[in-house]
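The chains referred to below are lettered A, B, ... by the order of the sequence lines, with proteins before strands, and numbering in each begins at 1.
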2 protein chains.
Amino acid sequence: MKRLLRQIDSEISALGGKRSRSRASIIEVFFRSGRHLTVDELTSEVRARNRDIGAATVYRTLKLLSRLGYAKELDFGEGARRYESSLTAHHDHLVCTGCGNVSEFEEPRIERLQDEVAKKHGFVPTMHRLAIYGTCPRCLSPQPRETAE
Amino acid sequence: MKRLLRQIDSEISALGGKRSRSRASIIEVFFRSGRHLTVDELTSEVRARNRDIGAATVYRTLKLLSRLGYAKELDFGEGARRYESSLTAHHDHLVCTGCGNVSEFEEPRIERLQDEVAKKHGFVPTMHRLAIYGTCPRCLSPQPRETAE
DNA sequence: TATGATATTGAATGTCAATGTCATGATATA
DNA sequence: TATATCATGACATTGACATTCAATATCATA
Ligand SMILES: [Mn+2]
Ligand SMILES: [Mn+2]
Ligand SMILES: [Zn+2]
Ligand SMILES: [Zn+2]
């Protein structure tokens, strides 16, 4: 984590950038969360630690991480995009339309078939997006609700 | 085509709607095109025939077709969504990042593997989105340019 | 440490696709 | 044709995201 932060900082300064407290805070919270966050969600979590960090800076920092290859932009068609760490291996997503939770899977056979399909169409693939939408296990067997009474 | 228009009209009036000249025009141009159109693109094509059809009506008509199951909303992350006829069988898409062209493919083995993945995760799938991005054959072997001189 | 060049900040504003509002026009039914 | 109600097109509004800008933070150099 500290190591990651230092590495990112050095890449930034190699590109003529300077380090900043706000950005460090945003980056740390982002990687610590390990989730698939919207900018709004991340902004809230960051502000819980440092009240006066602006949303624009969160947007800028995620764009920066994405340019440097440390984050990936995701779009599940929710109206706001999400970001995830790109430090993990490639994977695709299961999106629960009930609770909004996003989980991950790897399926090499699907990856292979995609290449095959592309080749068959004379197409040179550079990336793909695959998301499966549905209901997650937790939403399928609803817990006995904690009633407030 | 005429048949399709009549069927849609009857569904609309069954739901308490009325027929309209603008809407008929939009629907006809949409299904005739057979492509994956943004609202802007469709609006242009419609306006070439009928100068004074408003963009709002095109938005409304596509939403309506989508509610009735005659059109599908697509989102390739371009900033504007596209619509396609849903009269064809289910398929996924190849999107050329060079020329923007969208082509289609069916791959039952991928469909099957998706169900398998979902099941493995205790997930009940309702839909999926798969798009492969890359360079299409036409963009790979660029034609000798027609120079103007 | 003090200086100055320059990158970064947060707030405000701009942009753009999509949706909402509303007065007017079109359509169905008797 | 009268009446009710739906649909239209112009325009305003929304919401995510990008950009602008004056103030501030960072950093190499003296
Ligand atoms: Mn993920
Ligand atoms: Mn298609
Ligand atoms: Zn769920
Ligand atoms: Zn192409």
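- Taking atom CD of residue Glu78(A) and atom P of nucleotide dA18(C), one finds them 17 Å apart after rounding to whole Å.
- Of the options Leu42(A), Thr43(A), Val58(A), Leu37(A), a side-chain contact (heavy atoms from CB on, under 4.5 Å) to Val29(A) is made by Leu42(A) and by none of the others.
- Distance CG (Leu64(B)) to P (dA7(D)): 8 Å, rounded to an integer number of Å.
- For the pair Ser20(A) and dA25(D), the criterion of a side-chain N or O lying under 4.0 Å from OP1 or OP2 is not met.
- One finds no side-chain N or O of Arg19(B) lying less than 4.0 angstrom from the OP1 or OP2 phosphate oxygen of dA26(C).
- Along DNA chain C, the nucleotide closest to Thr61(A) and the one closest to Tyr83(B) are compared, and the more 5′ of them pairs with Thr61(A).
- Between the CG atom of Leu130(A) and the CD atom of Gln114(A) there is a distance of 6.0 Å, given to the nearest 0.5 Å.
- Inter-residue side-chain proximity for Asp75(A) and Arg129(A) is flagged as met; some heavy-atom pair is nearer than 4.5 Å.
- A donor-acceptor contact under 3.5 Å is formed by the side chain of Arg60(A) with the base of dT20(D).
- Using a 4.0 Å cut-off on heavy atoms, the residues of residues 22-47 of chain B that approach DNA chain D are Ser22(B), Arg23(B), listed by number.
- Using a 4.5 Å heavy-atom cutoff, the side chains of Lys72(A) and Met127(A) are not in contact.
- Taking side-chain N and O atoms only, Tyr59(A) has a distance below 4.0 Å to OP1 or OP2 of dC17(D).
- We find that CD1 of Ile12(A) is positioned 19 Å from P of dA25(D), with the value rounded to whole Å.
- Note on Arg81(A): a side-chain N or O is less than 4.0 Å away from OP1 or OP2 of dA18(D).
- Rounded to whole angstrom, the span from the CD1 atom of Ile53(B) across to the C1' atom of dA7(D) amounts to 12 Å.
- Other residues, nucleotides and ligands place more than 12 heavy atoms under 6.0 Å from the CZ atom of Arg47(B).
- Under 4.0 angstrom from either OP1 or OP2 of dG9(D) there lies at least one side-chain N or O belonging to Thr57(B).
- Interface remark: the Lys18(A) side chain does form a donor-acceptor pair with the dT6(C) base, using a distance-only criterion of under 3.5 Å.
- Checking each of Glu104(B), Glu84(B), Glu45(B) against Arg35(B) for a salt bridge (charged side-chain N to carboxylate O under 4.0 Å, His left out) leaves exactly one that passes, namely Glu45(B).
- In this structure, Arg21(B) and Lys63(B) both approach DNA chain C, and ranking their closest nucleotides by distance from the 5' end singles out Lys63(B).
- Taking atom CZ of residue Arg51(B) and atom P of nucleotide dA10(D), one finds them 12 Å apart after rounding to whole Å.
- Checking side-chain atoms of His93(B) against main-chain N and O of His91(B) turns up no donor-acceptor pair under 3.5 Å.
- The CG atom of Asp75(A) sits 15 Å away from the P atom of dA17(C) (whole-angstrom rounding).
- In this structure, Ala80(B) reaches the sugar-phosphate backbone alone: every heavy-atom distance under 4.0 Å involves primed, P, OP1 or OP2 atoms, never a base.
- Closest approach of His36(A) and Glu41(A) over heavy atoms only: O-OE1, 3.9 Å.
- dT9(C) atom C1' lies 12 Å from atom CG of Asn50(A), rounded to whole Å.
- Across the protein-nucleic acid pair, Asp9(A) atom CG and dA7(C) atom P stand 16 Å apart, rounded to whole Å.
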